[in-house]
Amino acid sequence: MHSWICCQLGAREHYAVPRALLVGGLLGEFITDLWIRPGTLLHTWKKQLTGRFHSGLAGARVNAPNLAALSFELKASLARENGWNLIGRRNKWFQQHAVARLAHSSTNGHHTIFAYSYAAEEIFKFAKDRGWRTILGQIDPGPAEERIVAGLDKTSAIKHKHWEPAPADYWKRWRNECALADQIVVNSEWSRNALLGEGIPAEKISVIPVAYESSTDVGSLQRLYPRAFGAERPLRVLFLGQINLRKGVGQLLEAVELLSGENVEFWFVGPTQIHVPQSLRMHPQVRWFGVAPRTGVASYYRDADAFVFPTLSDGFGLTQLEAQSWKLPVVASRYCGEVVRDGFNGVVLEVVSGHAIAEALLRLLRSPETLSAMSVRSAVDERFSLKMLAESLKKL
């Protein structure tokens, strides 16, 4: 019997790939690091573990070494480990667990192994020895993205708190993964082009966008925009994610300064990974909310008027789909997954600059009816459904 085994460290994309494989009748087993069913002791013990389960996989065969994973994380935090050292050790630890599980459980039949980049090398070696098929889920645009960030770190007036490039070994392992993979799945044309630039053969690469299914029913949501924005009711622009240079925050903060005195308010939700100048930290038109738990982001999406995603490089940019599910028009760059159709459900920035962002927001500020029309046309397109993802994976 040919089945798929999916190996995933962490809860990325709300477990969309294993869920899609299950929907498509392909999933034999799901191997992950933590799986905490609601109502269990662990679930109540540590609140941040709540995202480590999905009811959509309740009927699947899931293997997760919860205690070993928790003990790994506990030891790492006691030893104050962080950065690339911790990422590398965690990736290695997870692969050892996955390989041990595969050796123990699945001797018969021909399998397809799906594993994510940077934590797939050992898993693929094991699979290849058995003649199994290997598919790599490439989570980002790879070395090209690192070069972009390194350039920003040098040239930007605003600096990262602590950014360092990945060790050479990290990329060496990645190249091994690409060589061992029969197929590589990327989530955007942007990522595909980045991989082609690294010499990865085109015939290995398939572009399959991420899937997103809204957990909240916002089907009946209708956004009410004022006739005109004013001091009492400014245009509320939401940025949600890691506050760093790669995400275009340097340019976004330039736009904030260019729009000083306009009826625009900027909301920043997420971890701040850059040194924000005092003038912007205390800016009357900016609100810094800090990190919001996964479950707490709904209110920001609900109460904002527009979502801004000026990224300089993203494998996809799932927040675009989250915003669209809340009928929130999106202002996005071209360096990510293609969710926005310019003028239809948002604005596509031709260049990422303070001036370009400010100009796009000024147009929306002057024309609430444009926002209103974009909002009505905002939704998560069928292209991003679990069913579509399942069909695309089946075709590989």
Side-chain angles (χ1 to χ4, degrees), residues 13-14 209-229 233-243 247-249 252 255-256 259 262-270 285-289 292-311 314 316-334 336-349 352 356-385:
E13 291 156 21
H14 311 294
V210 301
Y212 178 75
E213 293 201 338
S214 176
S215 48
T216 31
D217 178 38
V218 283
S220 56
L221 177 79
Q222 241 195 325
R223 289 191 170 274
L224 296 173
Y225 290 99
R227 273 226 176 92
F229 293 105
R233 173 65 175 89
L235 169 68
R236 298 181 290 235
V237 178
L238 172 64
F239 175 92
L240 191 146
Q242 296 171 10
I243 299 168
K247 295 283 188 183
V249 172
L252 182 54
V256 170
L259 294 172
E262 296 284 352
N263 297 314
V264 185
E265 191 172 272
F266 292 86
W267 295 0
F268 285 89
V269 179
Q285 285 163 248
V286 182
R287 298 174 69 183
W288 302 94
F289 290 100
R294 251 190 201 159
T295 45
V297 296
S299 61
Y300 299 110
Y301 282 123
R302 189 189 60 221
D303 299 338
D305 296 313
F307 186 79
V308 64
F309 190 70
T311 183
D314 251 277
F316 186 85
L318 191 65
T319 50
Q320 297 182 92
L321 293 180
E322 289 186 348
Q324 283 285 288
S325 79
W326 283 95
K327 299 193 183 303
L328 196 57
V330 175
V331 178
S333 76
R334 292 202 174 281
C336 54
E338 294 166 35
V339 173
V340 181
R341 286 157 60 193
D342 190 47
F344 181 77
N345 57 346
V347 178
V348 176
L349 300 164
V352 177
I357 297 168
E359 224 165 87
L361 294 176
L362 259 181
R363 287 203 305 274
L364 299 177
L365 174 68
R366 305 271 183 264
S367 174
E369 60 278 11
T370 300
L371 268 174
S372 198
M374 287 174 173
S375 171
V376 170
R377 296 189 290 249
S378 291
V380 178
D381 198 89
E382 182 57 29
R383 289 179 294 156
F384 309 116
S385 66

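Model, not experiment: these values are computed from the prediction.
Ala211 meets the side-chain contact (heavy atoms from CB on, under 4.5 Å) test with Ala16, Leu386, Leu389; sequence neighbours excluded. Checked against side chain to side chain donor-acceptor pair (under 3.5 Å), Glu359 has no partners two or more places apart in sequence or in another chain. With sequence neighbours left out, the ring-ring contact (aromatic ring centres under 6.0 Å, His included) criterion links Phe384 to Phe316.
From Gln320, atom CD reaches atom CZ of Phe307 across 8.0 Å, with rounding to the nearest 0.5 Å. Atom CH2 of Trp288 is separated from atom CZ of Phe239 by 9.0 Å, given to the nearest 0.5 angstrom. How far OH of Tyr212 is from OG of Ser385: 14.0 Å, rounded to the nearest 0.5 Å. To the nearest 0.5 Å, atom OG of residue Ser372 and atom CD of residue Gln222 are 8.0 Å apart. Expressed to the nearest 0.5 Å, how far CG of Asp381 lies from CG of Asn345 amounts to 8.5 Å. With values rounded to the nearest 0.5 angstrom, Glu369 atom CD is found 13.5 Å from Ser375 atom OG.
The only member of Trp267, Phe266, Phe268, Phe309 that meets side chain to side chain contact (heavy atoms under 4.5 Å, CB included) when paired with Leu238 is Trp267.
The shortest heavy-atom contact between Leu252 and Pro310 is CB-CG, 4.4 Å. In this structure, Pro368 and Ala228 approach most closely via the heavy-atom pair CG-CA, 4.0 Å. Considering all non-hydrogen atoms of both residues, Val347 and Ala360 come closest at CG1-CB, 4.1 Å. Across all non-hydrogen atoms, the minimal contact from Val380 to Leu321 is CG2-O, 3.5 Å. Of all non-hydrogen atoms in Leu349 and Arg334, the two that sit nearest each other are O-CG, 3.9 Å. The minimum heavy-atom distance linking Gln285 with Leu259 is given by the pair NE2-O, 3.0 Å.
With salt bridges taken as basic N to acidic carboxylate O contacts below 4.0 Å, one links Asp314 and Lys247.
Side-chain atoms of Leu361 and Glu262, non-hydrogen and from C-beta on, never get closer than 4.5 Å to each other. Side chains of Leu235 and Leu371 form a contact here, defined as non-hydrogen atoms less than 4.5 Å apart.
Residue Arg383 qualifies as enclosed at atom CZ: its count of foreign heavy atoms under 6.0 Å is above 12. No more than 12 heavy atoms of other residues, nucleotides or ligands shown are found within 6.0 angstrom of CD on Glu338.
With hydrogens and angles left out, the side-chain atoms of Thr319 and Glu322 include no donor and acceptor closer than 3.5 Å.
A donor-acceptor pair is defined here as one N or O able to donate and one able to accept, closer than 3.5 Å; such a pair exists between the side chain of Arg223 and the backbone of Lys327. Within the 3.5 Å criterion, the main-chain N or O of Leu364 finds no donor-acceptor partner in the side chain of Thr370.
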Margin query: Run the side chain to side chain contact (heavy atoms under 4.5 Å, CB included) test on Met374 and Val330 for me, step by step, so that the C-alpha distance in whole Å, both residues' side-chain angles and the decisive distance to 0.1 Å come before the verdict.
Written below: CA-CA 9 Å; Met374 287 174 173; Val330 175; over 6 Å; no

Margin query: Between Arg233 and Asp305, is the side chain to side chain contact (heavy atoms under 4.5 Å, CB included) condition met? List the steps.
Written below: CA-CA 11 Å; Arg233 173 65 175 89; Asp305 296 313; 2.8 Å; yes

